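To find a chain, count down the sequence lines: A is the first, B the second, and so on, and within it residues start at 1. All values reported here derive from a predicted model rather than from experimental measurement.
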Amino acid sequence: MFLLDIRYDPEKSKITKWIKTDKGCQPVHEVYYPKIYVGGKPELLPQIASLPGVKDACFDEKSTWLGRSPEKVISAKVESISIYDIASMLEAKGCSLYNIDLDPVRQYLIEYNLFPAAILKGDILDDSQYALDYEVPELVSMELSVIPGRYKGIITMEDPIGRIAFGDCVIEESSEAEMINNLNVEVAHADPDLILTDRGDSFDLPYLHHRAALHDIDLSLGREKDILHEGGGKSYFSYGRILYKPKGYLLAGRLHLDRSSFTFREGGLLGLIDLSRITGIPLQELSRLSPGSAVTALQVNQALRDGVLVPWKRNLAEYWKTAEELLIADRGALVIEPKVGLHENAFEVDFASLFPNIMVNHNISPETVLCTCCPDSQKRVPFTHYNICQQHIGLIPRVLKPLIERRMTYKKRIMSEPERAEEYEMKQNVLKWLLVTSFGYMGFNKARFGRIECHESITAYGREILLRTIELADGMGFEILHGIVDSLWVKGRNPEKLCEIVTKDIGIPLELKGEFRWIVFLPNKSNGVGALNRYYGVMINGKLKVRGIETRRSDTPTLIRNLQEAMLGKLAEAKNASEFYMKIPEVLEVLREYTRKVLDNECALSDLIFKTHVSRGCDEYRQFNNQMAAVKQLKVEGIETLAGQTIHYIITDHKSRNYQKRVIIPELADESTQYDRAKYYEYLLRATESMLLPFGYTEERLDGIMRGRMQRSLCGY
DNA sequence: ATCACCCGGGG
DNA sequence: GTGTACGGGTGAT
């Protein structure tokens, strides 16, 4: 028996476990009241016990913060629906509140020692949560996609369905109502455990629901009526950028997974199941969360198991610092300015999971950095000299250590069990993302167990480690070409020896990441100094590594990407520096051919599309630019764009101040659409300059060369 | 010159 | 149910 999914209905305070057996998948219902904790006012126990919505209240002994001894608190079982009312009321009375905004499903799982995707024997767990080898039963999975019946113009929810593809069957009836009814029948008949979509949350499922509602049909994609949450998607701030998250369409008793979601893409189904088991987050929710949320879940789980309560609305102030201390502490990771230009026989060496390893090796956690129990600790953070606890191992290291080990084991198995390499690759890859985000979360002011001083301490150790590595490399006669955070590019002999020596010295594995036949570090276009993350090179296995230039950017039109890739393809044939220089005329020939195509109107409009995320709504733009013109055009077509959504446009007249003339939405373009040839030509030159600037080819010079080669056709541009 | 706006990670 | 900080590019004002 397999715990496929577990859901909670806050209205009825009801847990539903979906258990898959040989005979099918059945729900098991159970009433469950989550527990909240109230600190600071023990005399309120009788009053709390009699509150409406409170099912039971008693005294308990719990730690109210990491590293603190247990103290007397009130524990209350409450109806989920009234948690926030009760909490607000008690907060107003001066109580401290804990475990308020925890997911009831995860509380339940921890309380009953269960986890998603667990194997059960009757009511008893027959599995182990952190096991590396575990059984996953055969799951029936089917693809679903809904294709609207319109092929021109902008598609909206108001367009009727054209056809529905479900597994191998294509539903293409005369009437839309029939198609939807037919889908219901097919789903019930096939009875899959998983329904996979491509962006189903943003389009297929909301569209299907909308169309079904128009015909008064109950769409039943789940094994029971779906719980659909009200409201649309949300814009949120992440990675310094506004993103749009559509509302999730979760099914009951069946898993709707969007294969284009981040976690699914990175880990596939098996990676997702692995992560779901260890985090306790059910698969459907997990597939829609960022790795940061998974990290938080692991931390919260560990805290709860340790008897530590999770404060509500936590707001730990930063300790007071002098201006000078701030200056020292705020310095981020170490950076060595790259040596601009072409280099032969260069090596890239990287530390594996540098920051997580620092946290584990140096016991960095909110309760251990600047702990009050060891003010005279021998263990001091470099540069800032913060004291680190010598008595207890912090929450963060205790969460990360097993995670690092789990990933290492999977990485080893890729080699030792090649027949299952793909599976282990996915599993280790998902864990990699947890490790990567575990650092950033430290500096996030809303992270539950984050603390800015931890963030500073980690970067301080990082600087020290990279400096030490440079010192060792220098001592071994290596020339340092470039260094950033956890990577170093060096020139010299025997990089394996360097890795070995540094790994031994630092205690964190330094790995040889790439051996380059040649590599070009690019300058900052505005001041000519080495740009930190703009380079391209060819490794000895013939593979290209490219960073920072147009082809790596998601908003770049296919035309420009094709141009750079064609030019890189020519350069990749060069085995060394002198061959590289000999390839430059061929690169210019590529540019010439693209120039001719652009100017002769031969480009397909689909190759000219810019894709960009808008950071604000239509009326909030302060500048008249391409995005604004595109958003305005969409609005005229009746389509509202929310911050974080993606828009597409083709430049038709870049100098125009008229939003209808400046760009065009691809769906509105037709045979008569004329793209802005001069502007796209300029982009061709610029993308070439991006690659060849160290060799003296500026945009102007390239323009001159092109004009020399094609006198007539360039007239007027 | 300064401000506004967008992108970036790995295999 | 959400990493920051910042470097880099381009374009508007």
Sugar-phosphate means primed atoms, P, OP1 and OP2; the rest is base. With that split, encode nucleotides 7-13 of chain C 5' to 3' as B, S or - using protein heavy atoms under 4.0 Å.
-> SBSSBSS
Would you kindly give the CD-to-C1' distance between Glu425(A) and dG10(B), to the nearest whole Å?
-> 10 Å
Within 45° of the ring axis of Tyr697(A) and under 6.0 Å from its six-membered ring centre, is that where the NZ or CZ of Arg701(A) lies?
-> yes
Return the set of residues passing side-chain hydrogen bond (donor to acceptor under 3.5 Å, both in side chains) with Asp274(A) (not counting sequence neighbours), or none when no residue passes.
-> Tyr134(A), Arg406(A), Tyr410(A)
Polar side chain donor-acceptor pair, Asn524(A) to Ser526(A), under 3.5 angstrom = yes
Under 4.0 Å between any heavy atoms, over every strand shown, what does Gln627(A) touch: base, sugar-phosphate, or nothing? Just pick one.
-> sugar-phosphate
When the ring planes of Phe610(A) and Tyr649(A) are compared, do they come out parallel, tilted or perpendicular, using 30° and 60° as the limits?
-> parallel
Atom CD of Glu422(A) and atom P of dG11(B) are separated, to the nearest Å, by 17 Å
When the C1' atoms of dG7(C) and dG9(B) are considered, how many whole Å apart are they?
-> 15 Å
Please give, in whole Å, the distance from dG10(B) P to Leu544(A) CG?
-> 15 Å
Whole angstrom value for the distance that separates C1' of dG10(B) from CG of Leu354(A) | 16 Å
Can you tell me how far P of dC7(B) sits from CD1 of Ile549(A), to the nearest Å?
-> 17 Å
For Gln428(A) and dG10(B), give me the distance from atom CD to atom P, rounded to whole Å.
-> 13 Å
Residue-phosphate contact under 4.0 Å: Thr612(A) side-chain N/O, dC7(B) OP1/OP2 = yes
Once you round it to whole Å, what is the distance between P of dG10(B) and CZ of Phe355(A)?
-> 14 Å
Classify the side-chain pair Asp703(A)/Tyr681(A) by whether it contains a donor and acceptor separated by less than 3.5 Å.
-> yes
Have a look at Lys513(A) and say if it touches a base, only the backbone sugar-phosphate, or nothing, with a 4.0 Å heavy-atom cut-off.
-> sugar-phosphate
Atom-pair distance (CE on Met415(A); P on dG11(B)), nearest Å = 14 Å
Should Lys661(A) and Asp653(A) count as an ion pair when the cut-off is N to O under 4.0 Å?
-> no
Exercise: do Ser353(A) and Lys432(A) side chains pair donor with acceptor under 3.5 Å = no
Is the shortest side-chain N/O distance from Ser290(A) to OP1 or OP2 of dT2(C) below 4.0 Å?
-> yes
